[in-house]
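Each chain gets a letter, A, B and so on, in the order the sequences are listed, and its residues count up from 1. Treat the numbers as computed from the prediction; the structure is a model and nothing was measured.
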Number of protein chains: 2
Amino acid sequence: MQKPKYQLVKEYIIETIKQEGLEPGDKIWSENQLAKKFKVSRHTVRQAIGELANEGWLYKIHGKGTFVGDRLGEKSNKIKSIGVMTTYLNDYIFPSIILGIDEVLSKAGYNMVLGCTDNRHDKERLCLENFVKADVQGIIIEPTKSALPNPNLDVYKQIINKGIPIFFIHGSYQELDCPYVVVDDVEAGYLATDYLIKLGHKNIGGIFKIDDIQGHCRFKGYQMALADSKIEVKDSNILWFDTDDNRDEFIKRDHEKFEDLIKSCSAIVCYNDQIALKVVNTIRNKGLSIPDDISLVSFDDSQLAVVSDVKLTTVAHPQQKLGRIVAESLINKINGGRGKDKIRMEAELIIRDSAKEHK
Amino acid sequence: MQKPKYQLVKEYIIETIKQEGLEPGDKIWSENQLAKKFKVSRHTVRQAIGELANEGWLYKIHGKGTFVGDRLGEKSNKIKSIGVMTTYLNDYIFPSIILGIDEVLSKAGYNMVLGCTDNRHDKERLCLENFVKADVQGIIIEPTKSALPNPNLDVYKQIINKGIPIFFIHGSYQELDCPYVVVDDVEAGYLATDYLIKLGHKNIGGIFKIDDIQGHCRFKGYQMALADSKIEVKDSNILWFDTDDNRDEFIKRDHEKFEDLIKSCSAIVCYNDQIALKVVNTIRNKGLSIPDDISLVSFDDSQLAVVSDVKLTTVAHPQQKLGRIVAESLINKINGGRGKDKIRMEAELIIRDSAKEHK
DNA sequence: ACAGGTAGCTTGTACGTACAAGTTGCCTGT
DNA sequence: ACAGGCAACTTGTACGTACAAGCTACCTGT
């Protein structure tokens, strides 16, 4: 029994009110009628009706019956707002995602209540509590430390019990089984690598972020592409860095490994545009040229991809589009629509000038 | 039986919470304990507890127990929130400003309601109306088209009459006489230009944005610095562009003017880091070198300033700090404090590698 | 030492019954 | 004709039982 029976009864009643266009004051079936209809006990029907009455859908009069409530009035003076919580705000892709969300929300007449967790669980808790206080109608969340156990599941469950829909982006907490919109990073890694292979490259290096799910996924795609083309994955061709590495320091620290990499490889898959630019500069300083000596493919298609004179070939993160889609899905859910719950967005290769055919 | 039993149970529980001074989170008796205590069925206890939970006195956790709810919080429940409205969201310095604002607001227990005008007056109006609906306690605004007459002054005046404090950033509407926090762009322009003069440059070009107060101010500072050093300001050394110019197009369109500029000048003051990078690339493609042939100084000290191998010498926009200061000032004002109303932040020259002494 | 299972607590769902109490309309006695 | 009562409906209160499912602490086997 997946859903409790009283839930089914609730949903049926709401559905009927919506579809039959019942107006406030109209009488609905008696408890016994509903019990017979659904072959459940009167107790169960009472639970369903009781909750609906609490939520404002219905009201009851002792001795007379149960009637459709005046929900419209309540809706119109409620401030329509949506909570949006991300880990960082000024990291280079979040602004675009938020912009996409804002586009849809402002058109639909919703406010956006923004919160930033700094990737810390305590701030996440605070944020969620704020959202509840602010009476948001729905929440969009980029999970904080999605790889670790989450201490705020109780708050999440409270929110879900209140009937406030949540959509996750980038990842989700498995314990909650909430809807999400994610980018297929494995596919992205595959696309980038496969493109280099199709250009004739055999020795393809990789630079990835180690403490980040995206890093792992893109690396996985990289491995799969090589495997599919029966090219061996060499450990010496992979360079790892983490958040703590000041973004250009790791090249200096792992200087020898980096030297080996550019000696033995004709192409490199770079974790993101920022890293790719660092690599471009380092390689150039050695008197080599992009893409003539070494081809590069990176990820995200951020602003950075086109600021240098070497326009980067990069696998696009849908950014703004992702924001739009998650906002649309959420609003759809709030309005009782039945759209897709788990959305995986495809990555797209943007071909520019940083990779060319291998001689 | 005058009062129903479940009413008695309810009253007893409320009484106990009040008298024993139970705090939110404290566990109360289990359903079975209560049933025994009152010699009623568990069903009856559940009804009592259920209603109390609905009213906010209690909350229940499946498998753990029933706990005293945070009713105090709900009572003093003016949702503390601040409206933040900017022209763009993903432009390269706004995320940092918003981050700074969020830092302060979240610490002070405020929500941030975010709105984005896209630099359009109609969206600005919508945003403001939303803020009022959302019952914000204060508003931070980056003015939309600050150089043009504003058609939404009536809404602004309504808000001010309601006693909701407003702080502007970057610029303000003179008609309103509101508090603001701005960067001293004239000083910034002066600093940048004066630095080049001190390096021995005499022919200093400038590229500025024409439909933006910041552009005008920086240009003003540029003029003042030249005047103070008794260097003539030549019209032919100034290149103007506007928002509609796709950011690299203007160089192609005004190609001849740009050619003249780099022929007659040994240094250029660039409106911002983004423009500076375009100039770097264009100049390099002509076989010239930065800073050996031409020195550059730009504005903002954004991420872009250090992505290229030529690290830009740039006048820093305080970004995050500006966000923090405006948020602190606003909260201070809400709490009745009497801080400074018109804050002008100092610009700071960050010396890197894109400008050097004139031979 | 610790991973994993389990016993025993909690609340959640669901069935049943019975009677109380409010509302309505019909029916009956005057 | 009409007042009063009662039958038949409604929801409200209240009892009982059973099992499901979530949480915690303890205990046991490796």
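- One interatomic measurement links the two molecules: CD of A:Glu31 to P of C:dG22, which rounds to 16 Å at whole-angstrom precision.
- Residue order along DNA chain C, read from the 5' end via each residue's closest nucleotide, puts B:Gln33 first among B:Gln33 and A:Tyr6.
- Remark on DNA chain C: of its neighbouring residues A:Lys39 and A:Arg42, the 5'-side contact belongs to A:Lys39, judged by nearest-heavy-atom nucleotide.
- With respect to A:Asp122 and A:Arg120, a salt bridge is recorded, a charged nitrogen being found less than 4.0 Å from a carboxylate O.
- Between B:Leu58 atom CG and C:dG12 atom C1' the separation is 16 Å, expressed in whole Å.
- In this structure A:Arg344 satisfies the salt bridge (charged side-chain N to carboxylate O under 4.0 Å, His left out) test with no other residue, sequence neighbours excluded.
- In terms of phosphate contacts, B:Thr66 brings a side-chain nitrogen or oxygen within less than 4.0 Å of OP1 or OP2 of C:dT11.
- Proximity of A:Lys157 to the phosphate of D:dG22: no side-chain N or O atom is located under 4.0 Å from OP1 or OP2.
- Note on B:Lys5: a side-chain N or O is less than 4.0 Å away from OP1 or OP2 of D:dC15.
- Distance, A:Leu153 CG to D:dG22 P: 13 Å, rounded to whole Å.
- Listed by first and then second residue, the side chain to side chain donor-acceptor pair (under 3.5 Å) pairs involving residues 179-190 of chain A are A:Asp185-A:Gln214, A:Asp185-A:Arg218, A:Tyr190-A:Asp228 (not counting sequence neighbours).
- The distance between atom NZ of B:Lys27 and atom P of D:dC23, rounded to the nearest whole Å, is 13 Å.
- Environment of NZ in B:Lys36: sparse, with no more than 12 heavy atoms of neighbouring residues, nucleotides or ligands closer than 6.0 Å.
- Between A:Lys64 and the phosphate of D:dT11, there is no side-chain N or O to OP1/OP2 separation shorter than 4.0 Å.
- Remark: B:Lys10 is not in phosphate contact with D:dT13, judged by side-chain N or O atoms under 4.0 Å from OP1 or OP2.
- Between C:dC15 and A:Thr44, a contact under 4.0 Å exists linking OP1 or OP2 to a side-chain N or O.
- Applying the salt bridge (charged side-chain N to carboxylate O under 4.0 Å, His left out) rule to A:Glu129 yields the partners A:Arg125; only residues at least two apart in sequence or on another chain are considered.
- Sorted by first then second residue, the ring-ring contact (aromatic ring centres under 6.0 Å, His included) pairs that include residues 97-134 of chain A, not counting sequence neighbours, number zero.
- B:Arg46 has a side-chain polar atom (N or O) that falls below the 4.0 Å cut-off from OP1 or OP2 of C:dG12.
- Base contact: B:Ser41 has a heavy atom under 4.0 Å from a base atom.
- Ring pair B:Phe67/B:Tyr59 is parallel by interplanar angle, where below 30° counts as parallel and above 60° as perpendicular.
- A donor-acceptor contact under 3.5 angstrom links the side chains of A:Glu142 and A:Thr87, judged on distance only.
- Phosphate contact (OP1/OP2 of C:dT13, side-chain N/O of A:Gln47, threshold under 4.0 Å): present.
- Atom P of nucleotide D:dT11 and atom CH2 of A:Trp29 are separated by 13 Å, given to the nearest angstrom.
- When distances run from any side-chain atom of A:His62 to the nucleotides C:dA20, C:dC15, D:dC15, the shortest one goes to C:dA20.
- With rounding to whole Å, A:Asp154 atom CG is found 16 Å from D:dG22 atom P.
- A cation-pi arrangement is not found for A:Lys209 relative to A:Trp240, the charged atom failing to lie both closer than 6.0 Å to the ring centre and inside a 45° cone about the ring normal.
- Helix-axis bend for the helix from C:dA1-D:dT30 to C:dT30-D:dA1: the local axis fitted to the five terminal pairs at one end deviates from that at the other end by 10°, rounded to 10°.
- Side-chain atoms of A:Gln319 come within 3.5 Å of backbone N or O of A:Asp300 as a donor-acceptor pair.
- Between B:His43 atom NE2 and D:dG12 atom P the separation is 12 Å, expressed in whole Å.
- Whole-Å rounding puts the B:Leu52 CG to C:dT11 P distance at 14 Å.
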I'd like a table of atom pairs between the protein and nucleotides 3-5 of chain C - only N or O on both sides, under 3.5 Å - with the distance next to each one.
none

